[in-house]
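Right, one structure below, let's go through it.
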Amino acid sequence: MAISIEPIIYGLIFVGVLVLVEGIYLTVFGKSISLNNRVNRRLEMLDKNTNREEVMEKLRKEMQLHLKSRRIPLYAILATKAQKAAIAFSPKQLIGLMALLGALAFVGLTIGTGTSLPVRILVSAGMGIGGIFVWISMKANKRMGLLEEQLPDAIELMVRSLRVGHPFSSAISIVANEVSDPLATEFGIIADESAYGRDVGEALKDMAERLEMQDLRFLAVAVTIQQQSGGNLAEILDGLAKVIRARFRLFRRVKAITAEAKWSGKFLSGFPLLALVGIQLVDPNYYDEAMLHPYFIPACLVVGAFLVLNLIVMRALVNIKV
């Protein structure tokens, strides 16, 4: 019984694509771009370049880079996630990476498999585009998760700074210097913009809209209202920190409750594909006769549509807003 290793080669090539793009990213921008770096990126850049304005402009340019490129047809699907992930690659560089990774995947498929040319072209293009999309999605999810975890601690640090007599701009600067990335760099830009005359409430609002974080919108609204009508900002932020922590705990609880339904949907959609791979490994000729039937391709398309629809429906059922 002959065992086909082509499905395994496909998987290894896709994993290699993800590892390669991460390696290129860290090679080009260094370890300072990593989210687990002990020293936040802004302070490291200030240590190398003492010009505060140049550092601020460079970081602002990076953070606004992807939102301005939503009109690019191929890149539009990645712009929002790339913005949340704060990817330092420009849109043109990312599209170039897609082409490069697709070409490398094509070479790997040509060397390691015996599939036809049209299939290799289609699969390699999917790996190039899909690899970048998966990599950016992973980066965005990790970064947004860290931001949500760091925000309550940052607000409590601002509360303590306000209670000892520091102005709010100084409280922002303390957060930018004391906490770690990714929140430190975000607040560092706000501190720099405030030093050059921009309204803090407006800067917080722009950051909240750019990251699409509801908790940051609450913070921006609280600061703006206090600036307009007065009041004890420390008490307002202290209450806000408690609300955010409560929402975060509730979100984690909802996530735990809905985890079974999410994984059930993924399993129901992924099991047929895993079964297909297993059958191909055990008996590569199992579907030879079925593939000759005129309804084989339409049936595959229908099954694939139902698998995708299952994921969408299950995600909609468990997508509970907190």
Side-chain angles (χ1 to χ4, degrees), residues 33-43 59-60 62-64 67 80-81 83-87 137-164 166-194 198-227 231-256 320-322:
I33 204 74
S34 179
L35 292 178
N36 57 6
N37 194 39
R38 292 185 178 181
V39 180
N40 73 67
R41 186 166 178 242
R42 172 177 166 270
L43 292 181
L59 291 173
R60 287 183 64 186
E62 287 181 5
M63 291 179 177
Q64 298 174 359
L67 292 180
T80 301
K81 286 186 175 294
Q83 184 64 48
K84 292 181 180 180
I87 300 298
S137 297
M138 293 168 58
K139 287 281 187 182
N141 292 336
K142 181 179 179 181
R143 188 169 185 269
M144 295 304 295
L146 288 173
L147 284 170
E148 290 173 352
E149 289 185 8
Q150 289 179 306
L151 186 58
D153 293 332
I155 294 177
E156 289 180 350
L157 180 58
M158 286 189 285
V159 170
R160 291 193 292 270
S161 300
L162 292 172
R163 284 177 174 169
V164 298
H166 292 154
F168 185 65
S169 57
S170 297
I172 293 286
S173 299
I174 290 173
V175 171
N177 294 328
E178 296 297 329
V179 303
S180 58
D181 268 346
L183 193 64
T185 298
E186 293 284 353
F187 271 80
I189 294 176
I190 294 176
D192 292 339
E193 290 176 339
S194 175
R198 190 181 186 188
D199 181 69
V200 177
E202 181 184 346
L204 285 170
K205 182 180 178 181
D206 286 349
M207 182 175 73
E209 295 301 324
R210 174 166 46 82
L211 297 175
E212 296 182 355
M213 278 185 63
Q214 190 64 34
D215 294 335
L216 276 175
R217 291 191 180 102
F218 293 156
L219 176 61
V221 169
V223 172
T224 302
I225 292 176
Q226 192 276 337
Q227 288 177 338
N232 191 333
L233 184 58
E235 294 299 325
I236 295 173
L237 295 184
D238 185 43
L240 178 61
K242 293 177 181 177
V243 170
I244 293 175
R245 285 194 184 280
R247 288 183 73 251
F248 191 72
R249 286 195 299 268
L250 180 59
F251 176 76
R252 286 291 179 90
R253 186 176 179 181
V254 170
K255 186 177 181 181
I320 300 173
K321 301 295 183 180
V322 178

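Bear in mind the structure is a predicted one, so any value in this text is a computation, not a measurement.
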When rounded to the nearest 0.5 angstrom, what is the spacing between CD in Glu186 and CG in Leu216?
8.5 Å

Using only atom types and a distance under 3.5 Å, with no angle test, would you say the side chain of Asn141 pairs donor to acceptor with the backbone of Ser137?
yes

Pairwise side-chain contact, Ile190 with Glu202, heavy-atom cut-off 4.5 Å (strictly under)
no

Can you name the closest pair of heavy atoms from Val200 and Ser194 and give their distance?
CG2-OG, 3.4 Å

Would you mind reporting whether Met158 and Phe187 have side-chain heavy atoms less than 4.5 Å apart?
yes

Going by heavy atoms in the side chains, are Arg163 and Arg160 under 4.5 Å from each other?
no

Of all heavy-atom pairs linking Leu240 and Leu219, the shortest is CD2-CA, 3.5 Å

List the steps and the verdict of side chain to side chain contact (heavy atoms under 4.5 Å, CB included) for Arg245 and Glu156.
CA-CA 11 Å; Arg245 285 194 184 280; Glu156 289 180 350; 3.1 Å; yes

With a 4.0 Å cut-off on N to O distance, would you call Arg252 and Glu149 a salt bridge?
yes

Take Lys84 and Lys139 through the side chain to side chain contact (heavy atoms under 4.5 Å, CB included) test and state the conclusion after the steps.
CA-CA 8 Å; Lys84 292 181 180 180; Lys139 287 281 187 182; over 6 Å; no

For Leu157 and Glu178, work out which heavy atoms get closest and say how close.
CD2-CB, 4.0 Å

Nearest 0.5 angstrom please: Leu162 CG to Ile174 CD1, how far?
8.5 Å

Check whether any side-chain heavy atom of Met213 lies under 4.5 Å from a side-chain heavy atom of Leu151, and answer yes or no.
yes

Least distance between heavy atoms, Ala154 atom then Val175 atom
O-CG2, 3.6 Å

Within-4.5 Å side-chain heavy-atom neighbours: Phe168 and Leu237:
yes

Any chance you could measure Leu183, atom CG, to Asp153, atom CG, to the nearest 0.5 Å?
9.5 Å

Under a 4.0 Å N-O cut-off, is there an ion pair linking Glu209 with Arg217?
yes

Do Arg143 and Leu146 make a side-chain contact, defined as non-hydrogen atoms from C-beta onward lying under 4.5 Å apart?
no

Closest heavy-atom pair and its distance - Ser161, Ala171:
CB-CB, 3.9 Å

Quick check for you: to the nearest 0.5 Å, what is the distance between Ile244 atom CD1 and Gln214 atom CD?
10.0 Å

A side-chain contact here means heavy atoms from C-beta on lying under 4.5 Å apart; do Lys205 and Thr224 qualify?
no

Heavy atoms of Gly201 and Ala220 approach each other most closely as O-CB, 4.3 Å

Is any side-chain heavy atom of Met207 closer than 4.5 Å to a side-chain heavy atom of Ile189?
no

